[in-house]
Amino acid sequence: MSIHHFRTWVIIVFLVSATLLKLSLSDPDSHLLRKKVLMREKVRRMFYHAYDNYMKYAFPHDELKPLTKTFTDSLSELGNLRLEHLPKNYNGSALTLIESLSSLLILGNNTEFERAVSWLSENLTFDVDARVNLFECNIRALGGLVSAHMLATDSRNRFIQGTYKNELLTIAEDLGQRFLPAFNTPTGLPYAWINLKYGVMDNETTETSTSGSGSLILEMGALSRLTGDPQYEAAALRALRKLWSLRSPLNLLGTTLDVMTGNWIEYSSGIGAVFSQSLRSLREGGVLEDVSVCICCCPKIFQTWSMVLVGDVAAANSSHREFFKVWERFGVLPERYLLDHQMLHPTEKYYPLRPELAESTFYLYQATKDPWYLEVGEFITDSLNLHTKVKGGFASVRDVSTMVLEDHQHSFFLSETCKYLYLLYDDSFLLNQNYIFTTEGHPLPVLAAWHDRLPEVYTTANYTFIQSINKPRRASAMSLQLCPAMTVNSCRQTNEKIESVCHIADARSDHRCLADEDCGVDATTCRRRSCSIASFCGLWLFV
Ligand SMILES: *[C@@H]1O[C@H](CO)[C@@H](O)[C@H](O)[C@H]1NC(C)=O
Ligand SMILES: *[C@@H]1O[C@H](CO)[C@@H](O)[C@H](O)[C@H]1NC(C)=O
Ligand SMILES: *[C@@H]1O[C@H](CO)[C@@H](O)[C@H](O)[C@H]1NC(C)=O
Ligand SMILES: *[C@@H]1O[C@H](CO)[C@@H](O)[C@H](O)[C@H]1NC(C)=O
Ligand SMILES: *[C@@H]1O[C@H](CO)[C@@H](O)[C@H](O)[C@H]1NC(C)=O
Ligand SMILES: *[C@@H]1O[C@H](CO)[C@@H](O)[C@H](O)[C@H]1NC(C)=O
């Protein structure tokens with residue numbers, strides 16, 4: 001079907017369905033039900049095609065190479081762009097199987113789940129001489145294990161009880177123990193890399209990323225609550241608090257920093273994690289852009305789901321539409337797309353089977369129940385089957401303009417992409433319980449018993465708010481490229497179109513104010529405006 005027809009059809013279906021829904025809310029539209037049943041089968045087949053091929057050609061190694069039907073032991077390659085310190089004697093940790101556990105339960109395949117648990121409990125060991133990225137290992141391995149454990153022991157859902165004896169929790173705890181040496185730094189910010197057998201290596205890099213130090217709390221917190229051992233949560237929370245204390249006056253975080261000193265190394269601000277404060281600072285016309293502390297250069301694909309989660313459904317809807325248009329144009333989403341110029345980024349033209357558009361579609365459907373999103377999900381599913389399905393699994397796309405494939409099926413295709421598409425058409429899993437989905441798509445039940453107050457030691461009073469960003473001791477190549485001298489002025493001299501990302505409008509359009517909070521941020525200098533004695537917002541130099 002051509003895109004044109006698709007669009008027209010979508011609009012018609014939308015109008016018809018909306019009318020029907022309006023007419024009889026209690027009587028579910030049978031067209032929608034039929035669609036859901038058909039689609040969940042289609043997505044189920046997709047998951048098993050990926051899973052069965054992994055089990056056949058790659059397991060117990062980490063990930064499948066679907067074109068050559070072989071494997072890669074990628075756990076120590078993740079995040080390791082230069083492929084340094086690769087282990088010589090590491091045969092994988094069944095990563096894709098671990099990542100598939102929660103999906104198997106959501107698909108209701110208890111038999112296969114139990115088979116996987118017994119293999120893992122008998123054969124998996126993390127006592128291996130492998131240097132892994134703490135962030136990746138946490139979201140994929142620890143998150144996969146903790147989530148599957150919680151689902152398997154949840155008495156409120158349909159999963160088989162009795163045969164499961166907390167095996168996954170035992171494995172998770174062993175892995176969590178191996179993470180702890182990474183946090184042994186003066187700042188509490190963890191090293192980005194850890195050797196699973198020997199801890200932090202000699203001469204290990206002290207540069208870590210915002211996500212690597214700030215987003216360990218869900219998995220490690222859950223591990224503490226489940227085992228009763230507070231160490232994991234305490235370590236992750238301390239790192240998170242420390243990181244938040246290092247934010248700029250605009251509530252922005254840089255990208256990388258030094259774990260020994262807490263100084264920022266890379267100033268450009270990505271938006272990996274959900275901080276509603278930062279979101280507010282960055283919103284611009286419904287589409288968020290990758291920004292540096294000074295100016296934005298390249299628009300970057302942003303996870304619309306976080307806008308749904310902070311409650312801005314309208315903004316999420318319009319930015320989702322923009323991304324879906326790009327998907328429609330190419331058949332999948334390129335890693336980067338220059339929205340201003342409506343063109344591909346010259347190098348980042350790949351699509352590694354990422355979940356974000358499916359994920360956003362799922363969240364938007366949950367938030368609005370607008371049946372249009374079911375059509376979007378179908379379009380995504382059909383494109384994945386058309387462009388990325390091969391005999392040996394699903395392959396990443398190396399270049400979306402040619403659809404040349406890459407020999408790699410990432411584990412998140414099973415933990416996220418397939419799961420979100422499935423949940424779009426069958427949300428029965430979500431009926432009896434609220435869940436938080438981790439960044440890797442592993443659901444964690446939201447438990448009332450876990451809403452305890454944080455221990456006193458973690459209160460913000462113990463952390464200083466850094467008023468201005470310190471001068472960097474060293475700057476990465478990327479920072480220099482974005483912002484040659486790391487100052488606002490030098491950035492302003494470039495001839496880029498400067499619609500400053502730091503700009504925040506004053507609360508009132510007539511610029512009147514009662515307090516500084518009513519004032520925004522100046523677009524050209526990126527400085528916070530304040531309320532004058534005469535009750536006007538402005539850039540008063542001496543306040
Ligand atoms: C990895 O596999 C090789 C070849 O099968 C074997 O010799 C080696 O002992 C294995 N290493 C580990 C850590 O199991
Ligand atoms: C569970 O998964 C296994 C392995 O893919 C498959 O053979 C089996 O048919 C699945 N069972 C169900 C109920 O889907
Ligand atoms: C553990 O691995 C061995 C060797 O591959 C295999 O024979 C055994 O069945 C595995 N255990 C389980 C419970 O699958
Ligand atoms: C650590 O780096 C220093 C300086 O480069 C070097 O002299 C030393 O041998 C290194 N140590 C290890 C264990 O690699
Ligand atoms: C999303 O935006 C479109 C217009 O772009 C609008 O027609 C539709 O009603 C919106 N849906 C929701 C749920 O906000
Ligand atoms: C700060 O932490 C110390 C222990 O590290 C604790 O004794 C103190 O009460 C904390 N202060 C606040 C305000 O929480």
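Since this is a predicted model, take the numbers as computed values, not measurements. Remember, it's 1-based here, ligands and their atoms both numbered in the order they're listed.
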Pair His387 + Tyr351: ring centers closer than 6.0 Å:
no
Would you say ligand 5 has an N or O under 3.5 Å from any N or O of Asn317?
yes
Return the protein residues near ligand 2 (heavy atom under 4.0 Å from any of its atoms), ordered by chain and residue number.
Tyr48, Tyr51, Asp52, Asn109, Glu112
With a 4.5 Å cut-off on side-chain heavy atoms, are Lys419 and Phe362 touching?
no
Strictly under 6.0 Å, is that where the ring centroids of Tyr365 and Trp372 end up?
no
Does any N or O in the side chain of Glu63 come within less than 3.5 Å of the main-chain N or O of Ser411, such that one atom is a donor and the other an acceptor?
yes
Can you find a side-chain donor-acceptor pair between Arg336 and Tyr350 that sits under 3.5 Å?
no
May I ask you to decide if the ring planes of Phe330 and Tyr337 are parallel, tilted or perpendicular, using 30° and 60° as cut-offs?
perpendicular
Kindly state whether the ring of Phe394 and the ring of His49 have centres lying under 6.0 angstrom apart.
yes
Counting from 1 in the order shown, the ligand 5 atoms closer than 4.0 Å to a non-hydrogen atom of Thr368 are 13 (C)
Under 4.0 Å from a heavy atom of Ser118: which atoms of ligand 3 are those, numbered in the order shown and with their elements?
13 (C)
